[in-house]
Every structure is written in C-alpha cells, then in structure tokens.
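In what follows, a structure is listed as structure tokens, so that the remarks can point back to it.
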There are 2 protein chains.
Amino acid sequence: MSKKAQITVSQIIQAALSVAADKGAGKVTLDAVAKAAGVSKGGLIYHFPSKEALISAMVQHLLDEADCRREQQTQLEQSTLAALLQTRASFTRQIAGNTAMAILAAAAEQPALLKPVQQHNIVMLQQVLAEHQQSPQALLLFLASEALVFHDLLHISPFTEQERIDLEQLLVQQARELQA
Amino acid sequence: MSKKAQITVSQIIQAALSVAADKGAGKVTLDAVAKAAGVSKGGLIYHFPSKEALISAMVQHLLDEADCRREQQTQLEQSTLAALLQTRASFTRQIAGNTAMAILAAAAEQPALLKPVQQHNIVMLQQVLAEHQQSPQALLLFLASEALVFHDLLHISPFTEQERIDLEQLLVQQARELQA
DNA sequence: TTTACTGTACCAACCAGTCGGTTTTTTCGG
DNA sequence: CCGAAAAAACCGACTGGTTGGTACAGTAAA
C-alpha cells in the first residue's frame with residue numbers, strides 16, 4: 001500500500017466516523033461515507049471490500065487511538081489506573097460523538113465486531129488488577145469509569161457537564177491515593 | 001382497546017424483543033416482528049403506526065418490568081441501592097439478550113428513543129444519593145453496577161460467569177454495609 | 001506495469017409504510 | 001335476549017425508496 005493509499009484509507013475512516021457522529025449509527029451507508037470522504041464508491045470498495053470491513057476498521061482505529069493517548073498519559077501518572085481514568089476523562093468527551101455512534105453501528109450491524117473491544121478491555125483490566133493486587137476498590141474505580149463512557153456512548157448520562165467533570169476528577173484522585 | 005387487542009399488543013412487543021435477541025438489533029424489521037408475533041404486517045401497523053412507536057414501546061416495556069422487579073426487591077433490602085444492585089444481578093442476565101438488542105435497536109435507529117431510559121436513570125440516581133447523603137462510595141457502587149449492565153448489553157464483559165457473579169455479590173454486600 | 005483510483009450504470013434484496021378489503025367485536029334499539 | 005349497524009381489529013399484496021455490492025471502461029500516478 002502506497003503512501004497515498006494510506007492517506008485515502010485514513011480519510012475514509014475519518015469520514016465514516018464523522019458520518020456516524022453527524023447522522024447517527026443507522027445512517028452509516030457506503031454512499032454516505034464515500035461522499036464524505038471525497039472518494040467514489042468504487043474507491044471505497046477498493047479499500048474496504050465490505051461494509052463489515054469498514055466498520056471493523058473504524059473500531060480498530062478507535063482502539064488504537066485510545067491506546068496511543070493512554071500511553072502518553074501513563075508517563076504522567078503513577079499507575080495505569082490513574083492514567084486510564086485521566087485519559088478517559090479528557091478523551092471521551094472529545095470524541096464521544098464519533099466513538100459512540102461508531103460502536104453502536106458495529107454492535108447493531110454485527111455484535112461480533114465488538115470483540116476487539118472486549119479483548120482490549122480484558123487486557124486493561126488485568127493490568128490494573130495486577131498493579132493493585134486485585135484490590136476491589138481499584139476494580140470499582142475501573143468499572144465506574146467505564147459506566148461514564150457508556151453513558152456518553154448512548155447519550156444517557158444522568159449527570160450535568162459539571163457533575164461529570166467533578167466525578168471524573170474524583171475517580172482520578174481516588175486512583176492516585178490507591179497507589180500511594 | 002379491547003382485551004384481545006391488549007393481548008395482541010403484548011404479543012407484538014414480546015415478539016419484537018425476541019427478534020432483537022435472536023437475530024440482532026439490526027434485524028428488527030416490521031415484517032420479522034409481525035411474523036414472530038403471528039400477526040400480519042397490517043395488524044402490527046394498526047397497533048404501532050410506525051417502527052419508532054414500536055421500539056419506543058419496547059423500551060418502555062423494559063423499563064416498566066425493571067421497575068416492577070425492583071419494587072419487589074426493595075421490600076427485601078434495607079436500601080434502594082442494595083435492592084437495585086441485587087435486582088440488576090439477578091435480572092440482567094435473564095433478559096440480557098432481549099434488553100441488550102432492544103436498547104441497541106433504539107439507539108441505532110434514533111438516539112432520542114433512549115430518553116426515557118435516561119430519565120429513569122436520573123430518578124434512580126437521585127434516590128440513591130439522597131438515601132446515602134451523597135456518599136461517593138454509593139455513587140461508585142451505582143456506576144460500577146451500571147457498567148456490568150452495559151457489558152451485557154454489548155456482550156463485551158471482560159469477566160467470566162463466576163467472576164461476574166462474585167462481583168455482583170461484592171457490590172450488594174458493600175451496599176448493605178454502607179447502609180449500616 | 002502495477003496500483004490506485006474515478007464515474008456511472010446497474011441489480012437484487014430489503015424495508016417502512018399504504019391501501020382496499022375482510023373478519024371480529026362491540027354497541028344498542030326493539 | 002336478538003340482530004343489525006357500526007366500530008375496531010386485522011389481512012396481505014403492493015409501492016416507492018434505500019442499500020450493499022457488482023461491473024467495467026477509462027485515467028492518473030508510482
């Protein structure tokens with residue numbers, strides 16, 4: 001794959017994400033994505049032979065991006081858990097719309113497409129638990145943070161923006177204390 | 001609405017839930033639901049003038065059922081939180097498939113259909129927080145429990161069945177201790 | 001020459017919702 | 001209680017629009 005092709009692939013994924021965010025998970029059609037990406041439908045199919053392949057790539061892209069940000073954050077925090085919570089706090093809101101609908105599109109289309117997400121989560125969970133000697137409180141913090149992400153995902157958060165921010169900071173704070 | 005009509009409506013909702021559970025959120029079509037309910041498409045449309053109306057009814061039905069079960073459980077527990085966690089523990093797995101895909105169908109179709117879920121959640125959260133004087137730990141337990149539900153919803157739980165059961169009991173236990 | 005597309009036309013499947021007609025149930029005067 | 005009119009419940013073929021994917025001839029860059 002040439003450099004230009006890589007760029008095109010990237011554009012298509014971005015376009016797919018923005019279509020999902022703007023129009024909703026149910027509106028992620030090949031035509032819509034192709035148009036948003038500034039590619040022809042033939043061009044899209046050339047890189048992603050099926051819709052499933054496209055959505056799978058979207059999910060993978062989101063996981064990679066999340067991983068990248070978390071790694072950066074890890075250097076600023078004492079523990080993986082603290083870094084994870086902090087990353088989610090600052091990251092989730094930014095791409096909430098995108099991620100949300102992309103994940104939903106995947107889930108509605110074919111639940112199996114979320115398996116990478118599950119794998120990813122298992123790894124993170126193991127790491128966090130190992131670092132804190134299976135502490136139940138660490139587990140609780142991990143889960144609570146996930147709940148916040150899911151709230152954004154489905155747009156059903158019961159919190160106000162400010163409550164949400166405070167809550168995220170509370171989680172991070174508790175994670176840091178846990179480490180000490 | 002006659003008694004028979006009520007039965008028909010109920011059958012249709014049940015059919016819609018089972019279609020969602022069996023075939024996936026993306027396969028909840030009017031034809032499929034009608035067939036599963038043993039009704040004609042015309043009959044379905046007679047009771048639910050649009051697909052949106054049908055999905056909305058599904059969501060409402062799930063909320064009502066959850067409410068009902070929780071109320072029963074509340075009489076066996078000391079606090080709303082403990083009852084809520086206990087209900088989720090025993091209830092979620094039973095109908096996980098149903099609920100999951102129904103909710104996803106709603107979300108993918110039109111995010112606004114989940115607003116009742118959000119409202120419902122706000123009420124529950126307020127009640128729990130009020131009962132425990134805004135205790136952060138109560139909030140954490142509430143959120144952690146929600147995360148478990150979401151895991152089932154998307155079939156991305158990182159836990160084994162046994163881990164899951166133990167975890168649920170841990171949450172319930174902590175909720176009871178919080179009360180004392 | 002291979003890779004990476006464009007553009008357009010096309011197709012079969014699917015799907016929400018319509019519509020005219022039929023059956024069942026309810027209502028109500030006698 | 002009876003029977004007919006009225007209303008409610010229900011049927012299923014059909015329509016118009018959408019969508020995932022194909023086909024293919026041609027072009028431009030690497």
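Reminder, nothing fancy here: chain letters follow the sequence lines and each chain counts from 1.
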For B:Q73 and B:A83, the nearest pair of non-hydrogen atoms, with its separation, is CG-O, 3.6 Å
Write down the atom of A:A82, the atom of A:A175, and the distance for their closest heavy-atom approach.
-> CA-CB, 3.9 Å
Residues passing the salt bridge (charged side-chain N to carboxylate O under 4.0 Å, His left out) test with A:E77, sequence neighbours excluded, are A:R176
For residues B:A20 and B:M58, report the shortest heavy-atom separation together with the two atoms involved.
-> CB-CE, 4.4 Å
May I have the list of side-chain donor-acceptor pairs in residues 23-36 of chain B shorter than 3.5 Å, sequence neighbours left out?
unit_1: B:T29; atom_1: OG1; unit_2: B:A32; atom_2: N; d: 3.1
unit_1: B:D31; atom_1: OD2; unit_2: B:K41; atom_2: NZ; d: 3.1

A:F48 meets the ring pair (Phe, Tyr, Trp, His ring centres under 6.0 Å) criterion, sequence neighbours left out, with none
Path from B:I13 to B:Y46 over hydrophobic side-chain contacts below 4.5 Å = no
Are any protein N/O atoms closer than 3.5 Å to N/O atoms in nucleotides 20-23 of chain C? If there are, list each pair with its distance.
none

Taking protein heavy atoms under 4.0 Å as touching, what does nucleotides 3-16 of chain C look like 5' to 3' if B marks base contact, S marks sugar-phosphate-only contact and - marks none?
-> SBSB--------SB
Side chains of residues 126-133 of chain B: which donor-acceptor partners sit under 3.5 Å, not counting sequence neighbours?
unit_1: B:Q127; atom_1: NE2; unit_2: B:T80; atom_2: OG1; d: 3.2
unit_1: B:E131; atom_1: OE1; unit_2: B:T80; atom_2: N; d: 2.8
unit_1: B:E131; atom_1: OE1; unit_2: B:T80; atom_2: OG1; d: 3.4
unit_1: B:E131; atom_1: OE2; unit_2: B:T80; atom_2: OG1; d: 2.3
unit_1: B:H132; atom_1: ND1; unit_2: B:V128; atom_2: O; d: 3.1

Send over the distance from B:L54 CG to C:dG17 C1', rounded to a whole Å.
-> 13 Å
Length of the line joining A:F48:CZ and D:dT19:P, which is rounded to integer Å = 20 Å
